A.B. asks: 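Quick one: this structure, given as structure tokens, is what I'll be asking you about.
Since the structure is predicted, the reported quantities are computational estimates derived from the model, not experimental observations. As a basis for the values below, the full set of heavy atoms in this structure was taken, side chains included, without hydrogen atoms, waters or symmetry mates. Each chain gets a letter, A, B and so on, in the order the sequences are listed, and its residues count up from 1.
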Amino acid sequence: MEHPFYVMVDCNNFYVSCERAFNPALERRPVVVLSNNDGCIIARSEEAKALGIGMAEPAFKRRAFFLSNDVTVFSSNYALYGDMSSRVHGVLSRFTPEIEHYSIDECFLLLHTKNRKRLFSLAHQIRQQVRQWTGIPVCVGIAHTKTLAKVANRLAKKRPNSGGVWILDDPTQIEQELAILEIEDVWGIGRRNSKKMHAMGVKSALDLTQRTHEWIRKKLTVCGLRTVMELQGIPAIPMEEEPPTAKSITCSRSFGVRITNLSELQEALSCYVQRATEKLRSRKLQAGAVQVFITTARLSDDPQYSNIGTLPLQTPSSYTPELQAKAQTILKDLFRSGFRYQKVGVLLLELVPENGRQLTFNDFLDDSNSKQNKPLMKALDAINQRHGRGTLHFASSGTGKKRWHMNQNKLSKRFTTTWSELPIAFAR
DNA sequence: TCTGGGGTCCTAGGACCC
DNA sequence: TCTGGGGTCCTAGGACCC
């Protein structure tokens, strides 16, 4: 029986392409997008790459370079990128119902055609339609496993003669390509394991496939074994069409400046708990436990301290004040004076669906889940959704100037998610 | 001065029980 | 006082991804 084809569709320089879609003057010019807090470089146009700007470089080291080379710089605008991502997904869904929204800029599709010519033509249609309907350029890589499809996508991007599409299904060609693929460029083999492999003489993807499964299993665990099987053409990583329900929700930010006093940490944490609980409710979930962490700046010469604490809830809840109280209790316990803190964060754990959860005896003792909390949170979320995040917030997140607030000095407009700014061409 | 944020999964080791 | 092995559950830490 024929194996189906895994099709990896990857948006080119996605964040840069999103910015360009609404500002065509940026075409053919060096453009970069910075991480949250304007910390480091996380997306580069081809022109920026050609100037030698590296991935994940700290932005501050390049400030002068940006100016002298006329590089356009953006703070990351996730409201825009997230919305563009779902538009791309929408276009791709028209080609097959078997689609996995793998990451903000990548989708896997499963196609069952055996006709190679037809496959090629479909791949080109995909590119053309996504470009035309969203403004985003993509490359398409096709193979019999997800991991090989990622390799194929890489070739579609790198080989000048690819036309943005690469099918990697011929065993001889697969072997040739794996022989020149550095092990650190294999999907699933990260920095640490690459180093480990190099030390043991495994340098290329092909080297890896020539070790026994037992050896791989022992050195790289079952995850590494799945990767190796996939490189050998045996599907081991299935499609996930339904996004699995979240197991945790995090909100954390690095501060704009270092923070030393508890009260400002409390404000920041309060803000993050509000965001995290909003996310929780929007996904119709409740949390069974709250975790808080704080940390000083890892890369500075300051005295270092970081710590983490967890508190369970009596019964799962999505009621902000209740989770807030737990989080603040943990923070007070973790806080030590005399340190310059860089970051605080909250994790909501043990998530369960808000409906369909078995009621327990505790539910009848616990008034935080009582009927009047739900409408309150619902009203809060509705107002913030309609009038913008943070319109209504808790006093505990502070009313004065927020020194801890992250830097975002180069933010573009939220073109697609603020109705007044929605360009006609993209209205549906 | 300034180096992201949000996720998932696996494993080893300790606690505990029988 | 001496003495065993196996199972489960939990957690911290490490690895990966984009």
A.B. asks: Could you tell me whether a side-chain N or O of Arg20(A) sits under 3.5 Å from a main-chain N or O of Leu26(A), the two making a donor and an acceptor?
C.D. replies: yes
A.B. asks: Please, which pairs that meet ring-ring contact (aromatic ring centres under 6.0 Å, His included) have at least one residue in residues 325-349 of chain A, sequence neighbours excluded?
C.D. replies: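 For residues 325-349 of chain A, and leaving out neighbouring residues, the ring-ring contact (aromatic ring centres under 6.0 Å, His included) pairs sorted by first residue read Tyr305(A)-Phe339(A), Phe335(A)-Tyr341(A).
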A.B. asks: Can a salt bridge be assigned to the pair Arg159(A) and Glu177(A) using a cut-off of 4.0 Å between side-chain N and carboxylate O?
C.D. replies: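 Salt bridge present between Arg159(A) and Glu177(A).
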A.B. asks: Distances for protein N/O vs nucleotides 9-13 of chain B N/O pairs under 3.5 angstrom?
C.D. replies:
from    : atom 1 : to        : atom 2 : distance (Å)
dC9(B)  : OP2    : Lys247(A) : NZ     : 3.0
dC10(B) : OP1    : Arg226(A) : NH2    : 3.3
dT11(B) : OP1    : Arg217(A) : NH2    : 2.9

A.B. asks: Looking at every strand, decide which applies to Val186(A) at a 4.0 Å heavy-atom threshold: base, sugar-phosphate, or nothing.
C.D. replies: sugar-phosphate
A.B. asks: Lys279(A) side chain N/O closer than 4.0 Å to the phosphate oxygens (OP1, OP2) of dG7(B)?
C.D. replies: yes
A.B. asks: Have a look at Ala246(A) and say if it touches a base, only the backbone sugar-phosphate, or nothing, with a 4.0 Å heavy-atom cut-off.
C.D. replies: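 Answer is sugar-phosphate: Ala246(A) comes under 4.0 Å of backbone atoms only.
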A.B. asks: Please classify the nucleic acid contact of Leu220(A) as base, sugar-phosphate, or nothing, using heavy-atom distances under 4.0 Å.
C.D. replies: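 Contact class for Leu220(A): none.
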A.B. asks: Would you say Ser252(A) reaches dG6(B)'s phosphate, i.e. side-chain N/O to OP1/OP2 under 4.0 Å?
C.D. replies: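 Yes, because at least one side-chain N or O of Ser252(A) sits under 4.0 Å from OP1 or OP2 of dG6(B).
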A.B. asks: Can you tell me if Asn193(A) touches the phosphate of dC16(C), counting only side-chain N or O atoms and a distance under 4.0 Å to OP1 or OP2?
C.D. replies: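 Affirmative; the distance criterion is met.
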A.B. asks: With a non-hydrogen cut-off below 4.0 angstrom, is Lys195(A) in contact with a base, only sugar-phosphate, or nothing?
C.D. replies: nothing
A.B. asks: Report which part of the nucleic acid Ser76(A) touches: base, sugar-phosphate, or nothing (heavy-atom distance under 4.0 Å, all strands).
C.D. replies: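 No contact.
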A.B. asks: So what does Ile189(A) touch, heavy atoms closer than 4.0 Å: a base, only the sugar-phosphate, or nothing?
C.D. replies: sugar-phosphate
A.B. asks: I want to check one thing: is the phosphate of dT3(B), taken as OP1 and OP2, less than 4.0 Å away from some side-chain N or O of Gln342(A)?
C.D. replies: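 True: Gln342(A) side-chain N/O within range (under 4.0 Å) of dT3(B) OP1/OP2.
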A.B. asks: Is there a Watson-Crick or G-U wobble partner for dC10(C) with both distances under 3.5 Å, and if so, which one is it?
C.D. replies: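 dG13(B) is the nucleotide pairing with dC10(C).
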A.B. asks: Using a cut-off of 4.0 Å on non-hydrogen atoms, how would the nucleic acid contact of Arg253(A) be classed: base, sugar-phosphate, or nothing?
C.D. replies: sugar-phosphate
A.B. asks: Check every atom of dC18(C), dC2(B), dT8(B) against the side chain of Tyr102(A) and return the nucleotide holding the closest atom.
C.D. replies: dC18(C)
A.B. asks: Can you find a side chain N or O atom of Arg258(A) that sits less than 4.0 Å from OP1 or OP2 on dC2(B)?
C.D. replies: yes
A.B. asks: Across the strands shown, which category fits Glu57(A) at heavy-atom distances under 4.0 angstrom: base, sugar-phosphate, nothing?
C.D. replies: nothing
A.B. asks: It should be established whether Lys150(A) places a side-chain nitrogen or oxygen under 4.0 Å from OP1 or OP2 of nucleotide dC17(C).
C.D. replies: no
A.B. asks: The side chain of Ser103(A) is closest to which nucleotide in this list: dT3(B), dC18(C), dG4(B)?
C.D. replies: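 Out of dT3(B), dC18(C), dG4(B), the nucleotide with an atom closest to Ser103(A)'s side chain is dC18(C).
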A.B. asks: Just to confirm, is there a sub-4.0 Å distance from OP1 or OP2 of dG7(B) to any side-chain nitrogen or oxygen of Thr250(A)?
C.D. replies: yes
A.B. asks: Compute the centroid of each ring, for Phe108(A) and then for Trp187(A), and state whether the two points are separated by less than 6.0 Å.
C.D. replies: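 Phe108(A) vs Trp187(A): aromatic centres under 6.0 Å.
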A.B. asks: Using only atom types and a distance under 3.5 Å, with no angle test, would you say the side chain of Thr96(A) pairs donor to acceptor with the backbone of Leu111(A)?
C.D. replies: no
A.B. asks: Are any of the side-chain nitrogens in Glu184(A) or Arg191(A) under 4.0 Å away from the carboxylate oxygens of its partner?
C.D. replies: no
A.B. asks: Taking only the side-chain heavy atoms of Arg63(A) (C-beta and beyond), determine which of dC16(C), dC2(B), dT3(B) contains the nearest atom.
C.D. replies: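 Of the candidates, dC2(B) comes closest.
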A.B. asks: Are any of the side-chain nitrogens in Asp70(A) or Arg29(A) under 4.0 Å away from the carboxylate oxygens of its partner?
C.D. replies: yes
A.B. asks: Less than 4.0 Å between a side-chain N and a carboxylate O, is that true for Lys247(A) and Glu350(A)?
C.D. replies: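 Not counted as a salt bridge, because no side-chain N and carboxylate O are separated by less than 4.0 Å.
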A.B. asks: Using a 4.0 Å heavy-atom cut-off across all strands, classify Asp38(A) as base, sugar-phosphate, or nothing.
C.D. replies: nothing
